[in-house]
Amino acid sequence: MRHFTSVFDLPDMKDALRQAFEIKKDRFKYVELGRNKTLLMIFFNSSLRTRLSTQKAAMNLGMNVIVLDVNQGAWKLETERGVIMDGDKPEHLLEAVPVMGCYCDVIGVRSFARFESKQDDYTEKILNQFIKYSGRPVFSMEAATGHPLQSFADWITIEEHKTVERPKVVMSWAPHPKALPQAVPNSFAQWMVAAGYDVVITHPHGYELDPKFTKGATIEYDQMKAFEGADFVYGKNWSVCEDAHYGQVLNMDRTWTIGERQMAVTNNAFFMHCLPVRRNMIVTDDVIEGPRSLVIPEAANREISATVVLKQILESL
Ligand code: AN0
Ligand code: CP
């Protein structure tokens, strides 16, 4: 595998899962694979889990790691071609990206949706410039429309906890005060359908995701109905995807906050969230602290998903 931007880049899903369990048993099994290879992680946005788990994954594989926070210490980057650069940005992405490629073997990029242009976000303009101009394999550490390392970790977590072959997995929108990208829910929906689960998505009217990512999932606008019989509940906020209100927050209805009321109608479901999470907006203290909460094991599995992805990229070098 050269680049990793979605589940469809994996040459073989089942084999990737097998490798995840293999690496979980022995994280250093492939420690020779990355010797004298350098990972460069580029962050345009904040991160706790992705930063730490991806660096740890690279260390599991014996790699060297460089981390760059573009907004802290690097030159501010212009991303539009044709701009007369007389403003506050001294460097263009079109030079910066190939320069970055000179110093490493693999590049991870975190670049959230900017909500300035849906077209730019949904064509993954920034991530694709890295793919096109860096000369290196590139993987998404959450780009504008997807967060595949997260969904892979979520999948590992569900496989570890499921008690039926094809669990009912319900992804629920929940309120949040700030506009968040659709990357996590897009990837989660796409990955869970690809995994063959019974996938239900529930959200208020106006929060429909791009059908490209939700194809194969059932949309249910009644949250309580959606939760009935769920084996896994995945909480997440996202902003509006639809063109006319793209990136807006239309609704902060806290009746959608996931609490005991909703969990009571599930099949004793596990609660999942990618983190960071705003308590008592997305989920109540009791549910996230409860015995069925998987938020910490999910975060732990980020190291595993990143190790598998980096391993497969290193094998292609
Ligand atoms: C980001 C998001 O919702 O995409 C990152 C989640 C992994 N969350 C925030 O910005 C709070
Ligand atoms: N879940 C996740 O990607 O977290 P960070 O934003 O902290 O990396």
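Both ligands and their constituent atoms are indexed starting at 1 by order of listing. Quick caveat: nothing in here was measured; it's all calculated off a predicted structure.
- Where the criterion is an N or O separation shorter than 3.5 Å, residue side chain and backbone included, Thr50 meets it with respect to ligand 2.
- Atoms of ligand 2 found under 4.0 Å from any heavy atom of Leu48 (numbered from 1 in listed order, with element): 5 (P), 7 (O), 8 (O).
- The pair Asp121-Lys118 does not meet the salt-bridge criterion, since no charged nitrogen lies less than 4.0 angstrom from a carboxylate oxygen.
- Ligand 1 has Phe112 within reach: a non-hydrogen atom of the residue lies less than 4.0 Å from it.
- Heavy atoms of Leu275 come nearer than 4.0 angstrom to ligand 1 in at least one pair.
- Between the side chains of Asn301 and Lys24, at least one donor N or O lies within less than 3.5 Å of an accepting N or O.
- For the side chain to side chain contact (heavy atoms under 4.5 Å, CB included) with Met63, the qualifying choice from Lys37, Gln55, Arg35 is Lys37, the only one to do so.
- The shortest N/O to N/O separation between His176 and ligand 1 does not fall below 3.5 Å.
- Within ligand 1, the atoms closer than 4.0 Å to a non-hydrogen atom of Lys236 are 2 (C), 3 (O), numbered from 1 in the order shown.
- In the vicinity of Glu142, heavy-atom distances shorter than 4.0 Å reach the ligand 1 atoms 2 (C), 4 (O), 5 (C), 6 (C), 7 (C).
- The closest side-chain donor-acceptor pair between Thr284 and Asn280, if any, does not fall under 3.5 angstrom.
- In this structure, Pro181 has a heavy atom closer than 4.0 Å to ligand 1.
- Salt bridge annotation for Arg49-Glu303: absent, with no cationic side-chain nitrogen under 4.0 angstrom from a carboxylate oxygen.
- Looking at Glu142 next to ligand 2, no N or O pair under 3.5 Å apart turns up.
- Annotation: Tyr234 is in aromatic contact with Phe188 [ring centroid separation under 6.0 Å].
- For atom 4 (O) of ligand 2, the closest non-hydrogen atom of the protein is Arg49 NE, 2.8 Å.
- No heavy atom of Gln150 sits closer than 4.0 Å to any atom of ligand 1.
- The side chain of His147, and not its backbone, has at least one atom closer than 4.0 Å to an atom of ligand 2 (non-hydrogen atoms only; side chain from C-beta on).
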Quiz prompt | From CA spacing to verdict: ring pair (Phe, Tyr, Trp, His ring centres under 6.0 Å), Tyr246, Phe115 | solution = CA-CA 7 Å; Tyr246 179 65; Phe115 299 133; 5.6 Å; yes
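- Looking only at protein heavy atoms, the nearest one to atom 6 (O) of ligand 2 is Arg110 NH1, 2.7 Å.
- At least one heavy atom of Arg302 sits closer than 4.0 Å to an atom of ligand 2.
- The residue Asn237 has no part lying near ligand 1, judged by heavy-atom distances below 4.0 Å.
- Under the 3.5 Å distance criterion, with hydrogens and angles disregarded, a donor-acceptor pair is assigned to the side chains of Gln262 and Gln223.
- Between Val309 and Leu149, some side-chain heavy-atom pair lies under the 4.5 Å cut-off.
- Under 4.0 angstrom from ligand 2, there are no non-hydrogen atoms of Val184.
- Considering backbone and side-chain N/O atoms, Pro276 never comes within less than 3.5 Å of an N/O atom of ligand 2.
- Note: no N/O pair closer than 3.5 Å links Arg51 and ligand 2 by distance alone.
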